[in-house]
*Asks:* 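Sharing a structure, written as structure tokens. Questions coming.
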Amino acid sequence: MSAAKRRSKSRKSTYNYRIIFILGILLAAAFLLGAFILYQRSKSRFSGNNPQTDDGKMEQDLLRLSEETYEAALVSMHAADYFTEEDFLFYGGLNALVASHRVLDTEELSQYLECILNSGNALSHLYLCLDPELLWTTAGKEAAVWNANLEQDLYSHLTSYPEITFSFLLPYPYIGYWLELGEDKLDTLLTLYHALVNELYRYPNVRVFFPGAEPWLTLNPANYTDTLFDANEIITRSIYLHTFCDGDYLIYPENAEGYWNTLRETIAREKTAPTCYADLSDWCFVFFGDSVLGNYPGSFSIPGYVNGLSGALTCNFAVGGTPAAYEETDVESFPVVIDRFLTENVTASDGESHLLFEGYSPEELADKKLCFLINYGFNDYFAGNSIENPNDPGDITTFKGSLRTCISRLRSAFPDARILLMTPTHTQSFGGGTAVNGDNGNVFSAYIDALTETAAEMGLFLLDNYNYITTEEDMIRYLADGVHPNENGRLVIADRIVRFVDLEMR
């Protein structure tokens, strides 16, 4: 064989070896990928939109539960990160241990209960966040297995420890979870929820809570994290306070039908006529006011709802307990707040004012339509502040004088901004606002009239909530204490703001 032929044959052989080598690598990679996928699936409990995966935290939990001292414990089938042990101690007076692992099935639940109940601790409360759908899935969707699992792994403990209060919290997912279910699956799930409630109440040491039919919670996507089930930190704390501390949203066999009907009605309405909000992501709302705006943080405040529903950027400078009129006290009245705002959050360059908010560049904020939303009135009425000084229209110690002066300062800094005055709602305090407070005071409606007059005088937009929430039934439904809006009241007011801006201020 010639040298040329030998070289040609050698090259072909080398080429073939390379092809085989590359194919071998590809096959190995495919095998490893398949093995990884099978491994992950073997660790998971999939249930439509409600997956669970072994997070590897169970061993650490059981070690803590067996070694530490506590008088209460919380175990959950969903993320429990925001149920903090500090909250249990501060709000509930309980030294509690919160388990980190997301329990996958009743077998794991039983292991937790066995560990807790045999830890030697003097337990008074156990808090269990159970998901009926996951329980049903891990029972193979067989009624007999569902009943046997619960009887063996849960109900037996309820009977054995009658001195312990067992508090159950049922899931409260975002509305999108329910909307993706077909009618058959929805019927099945609600039947499971109902059956679980009925079974749990066979035991006198049980309480069951279900906040999942509440519109303020389930209709706002900003209330949730990166799953349909796990609420953010502020919402989780609110749920904790409402349920385990205050006993709200208590569900039992006699009232369960009302909860399921409310939930069904919400789902049916959202499927046929979805609640749609204008896209206000090109807007920035800066809020000034009292506790109606300022006493509630995060996604379930009025600014938080506006952000969650419309995508608008919202910045909240409202302070609880404050009036519009200036007072020579430590109270941060409107003029004091405006001074601080213009000093700390506004800068000037090229003859223009620019907003400064943490997390946003001046360029980002400059691209937004700016609206200042102002809500005062309650505390001026409660304190009996004068409405106006006839000799000095800009007198900041009066209600209208302070509004005029502060709004003029905002306009001077941001001449292109829109300004929206918002009236307070009706109040049940001081005879429904009919009493006169202080030497210079007026009835409550006089302050509402002053807001209306100021808006007309200065060419401002006005959102009238006073004549929206008017009846006793409205106030019970939307006000927490006859003054401050509750969660649903804050949602209604935010809804009105978004719709008003969309229809009147574009």
*Asks:* What do the steps show when you test L154 against L109 for side chain to side chain contact (heavy atoms under 4.5 Å, CB included), and what is the final call?
*Replies:* CA-CA 8 Å; L154 176 60; L109 176 64; 4.2 Å; yes
*Asks:* Within 45 degrees of the axis of the six-membered ring of F300 and under 6.0 Å from its centre: does R490 put its NZ or CZ there?
*Replies:* yes
*Asks:* What is the ring orientation for F414 with F341, classed by angle as parallel under 30°, tilted 30 to 60°, or perpendicular over 60°?
*Replies:* tilted
*Asks:* Donor-acceptor pair, N223 side chain versus T218 backbone, under 3.5 Å?
*Replies:* no
*Asks:* What is the ring orientation for F444 with F378, classed by angle as parallel under 30°, tilted 30 to 60°, or perpendicular over 60°?
*Replies:* parallel
*Asks:* Main chain of A413, side chain of S353: is a donor-acceptor contact present, judged purely on distance under 3.5 Å?
*Replies:* yes
*Asks:* Quick check: closest heavy atoms across L365 and L355, and the distance to 0.1 Å?
*Replies:* CD1-O, 3.4 Å
*Asks:* Starting at CD of E344, measure out to CZ of F317 and round the result to the nearest 0.5 Å.
*Replies:* 8.5 Å
*Asks:* Under the side chain to side chain contact (heavy atoms under 4.5 Å, CB included) criterion, do L309 and L219 qualify, and how do the steps go?
*Replies:* CA-CA 9 Å; L309 301 177; L219 294 183; 5.8 Å; no
*Asks:* Verify the distance criterion only: is there a donor paired with an acceptor across the side chains of S349 and H354 at less than 3.5 Å?
*Replies:* yes
*Asks:* Can you measure from CZ (F287) to CE (M422) and round to the nearest 0.5 angstrom?
*Replies:* 7.0 Å
*Asks:* Please assess E85 against R64 for the test salt bridge (Lys or Arg N to Asp or Glu O under 4.0 Å), listing each intermediate value before the final yes or no.
*Replies:* CA-CA 13 Å; E85 294 168 2; R64 285 192 66 201; 3.2 Å; yes
*Asks:* Please name the pair of heavy atoms, one in A450 and one in I387, separated by the smallest distance, quoted to 0.1 Å.
*Replies:* CB-CG2, 3.9 Å
*Asks:* Would Y174 and N220 count as having a side-chain donor-acceptor pair, cut-off 3.5 Å?
*Replies:* no
*Asks:* Within the side chain of D131, is there an N or O that forms a donor-acceptor pair under 3.5 Å with the backbone of H78?
*Replies:* no
*Asks:* Checking E133 against Y177: is there a side-chain donor and acceptor pair closer than 3.5 Å?
*Replies:* yes
*Asks:* Please check this pair: side chain of N261 against backbone of E257, looking for a donor-acceptor N/O pair closer than 3.5 Å.
*Replies:* yes
*Asks:* Apply side chain to side chain contact (heavy atoms under 4.5 Å, CB included) to residues L169 and F210 and explain how you reach the verdict.
*Replies:* CA-CA 6 Å; L169 181 61; F210 178 60; over 6 Å; no
*Asks:* Minimum heavy-atom separation for D279 to D282, with atom names?
*Replies:* O-OD1, 4.1 Å
*Asks:* So, does S301 use its side chain to make a donor-acceptor pair with the main chain of G304 at under 3.5 Å?
*Replies:* yes
*Asks:* Given 3.5 Å as the limit, does a donor-acceptor pair link the side chain of S310 with the main chain of V306, or not?
*Replies:* yes
*Asks:* Answer yes if the side chains of S299 and N232 hold a donor-acceptor pair under 3.5 Å, and no otherwise.
*Replies:* yes
*Asks:* Identify the heavy atoms of K57 and S100 that sit nearest to each other, and give their distance.
*Replies:* CD-CB, 3.8 Å
*Asks:* Regarding E504 and R499, does a basic nitrogen lie under 4.0 Å from an acidic carboxylate oxygen?
*Replies:* no
*Asks:* Answer yes or no: are there more than 12 heavy-atom neighbours, outside Y360 itself, under 6.0 Å from its atom OH?
*Replies:* no
*Asks:* Would the distance check show the side chain of E68 and the main-chain N or O of L65 forming a donor-acceptor pair, the cut-off being under 3.5 Å?
*Replies:* no
*Asks:* Run N205 and T165 through side-chain hydrogen bond (donor to acceptor under 3.5 Å, both in side chains) and show every step you take.
*Replies:* CA-CA 5 Å; N205 54 334; T165 298; over 6 Å; no
*Asks:* Would you please classify the geometry between the Y296 ring and the H484 ring as parallel, tilted or perpendicular, with 30° and 60° separating the classes?
*Replies:* perpendicular
*Asks:* So does L342 get a backbone contact from the side chain of N345, meaning a donor-acceptor N/O pair under 3.5 Å?
*Replies:* no
*Asks:* Test side-chain hydrogen bond (donor to acceptor under 3.5 Å, both in side chains) on D449 and T452 and set out the steps.
*Replies:* CA-CA 5 Å; D449 292 340; T452 305; 5.3 Å; no
*Asks:* In plain terms, say whether R102 and D81 are close enough for a salt bridge, that is, a side-chain N and a carboxylate O under 4.0 Å apart.
*Replies:* no
*Asks:* Do the charged groups of R237 and D87 touch, with an N to O distance under 4.0 Å?
*Replies:* yes
*Asks:* Nearest heavy-atom pair of P171 and P132: which atoms, and what distance?
*Replies:* CD-CD, 3.8 Å
*Asks:* More than 12 foreign heavy atoms under 6.0 Å from CZ of R269: is that the case here?
*Replies:* yes
*Asks:* Under the 3.5 angstrom rule, does the side chain of Y112 hit a backbone N or O of S76 as a donor-acceptor pair?
*Replies:* no
*Asks:* Tell me whether D416 is salt-bridged to K369, with the criterion being a basic N under 4.0 Å from an acidic carboxylate O.
*Replies:* no
*Asks:* Any donor-acceptor pair under 3.5 Å linking the side chain of N437 with the backbone of Y381?
*Replies:* yes
*Asks:* Parallel under 30°, tilted from 30 to 60°, perpendicular over 60°: which one fits the rings of F399 and Y447?
*Replies:* perpendicular
*Asks:* Going through the distances and angles, do F334 and Y326 end up as a ring pair (Phe, Tyr, Trp, His ring centres under 6.0 Å)?
*Replies:* CA-CA 7 Å; F334 195 18; Y326 176 74; over 10 Å; no
*Asks:* Taking it one step at a time, do E108 and V103 satisfy side chain to side chain contact (heavy atoms under 4.5 Å, CB included)?
*Replies:* CA-CA 6 Å; E108 287 191 354; V103 173; 3.8 Å; yes
*Asks:* In terms of the angle between their ring planes, are F244 and F83 parallel, tilted or perpendicular, with boundaries placed at 30° and 60°?
*Replies:* tilted
*Asks:* Describe, in one word, how the ring planes of F500 and F461 are oriented to each other, choosing from parallel (under 30°), tilted (30 to 60°) and perpendicular (over 60°).
*Replies:* perpendicular
*Asks:* Do the side-chain N and O atoms of D464 and T423 include a donor-acceptor pair separated by under 3.5 angstrom?
*Replies:* yes
*Asks:* Can we say R264 and E270 salt-bridge, meaning some charged N sits less than 4.0 Å from an Asp/Glu carboxylate O?
*Replies:* no
*Asks:* Do T425 and N465 meet the criterion of a side-chain donor-acceptor pair at a distance under 3.5 Å?
*Replies:* no
*Asks:* Out of F166, F88, F168, which residue meets the ring pair (Phe, Tyr, Trp, His ring centres under 6.0 Å) rule with Y127?
*Replies:* F88
*Asks:* How far does CG of D248 sit from CD of E214, to the nearest 0.5 angstrom?
*Replies:* 9.0 Å
*Asks:* Please find the pair of heavy atoms, one from E71 and one from G93, that lie closest to each other, and give the distance.
*Replies:* OE2-O, 3.9 Å
*Asks:* Quick one: do the H101 and Q60 side chains pair a donor with an acceptor below 3.5 Å?
*Replies:* no
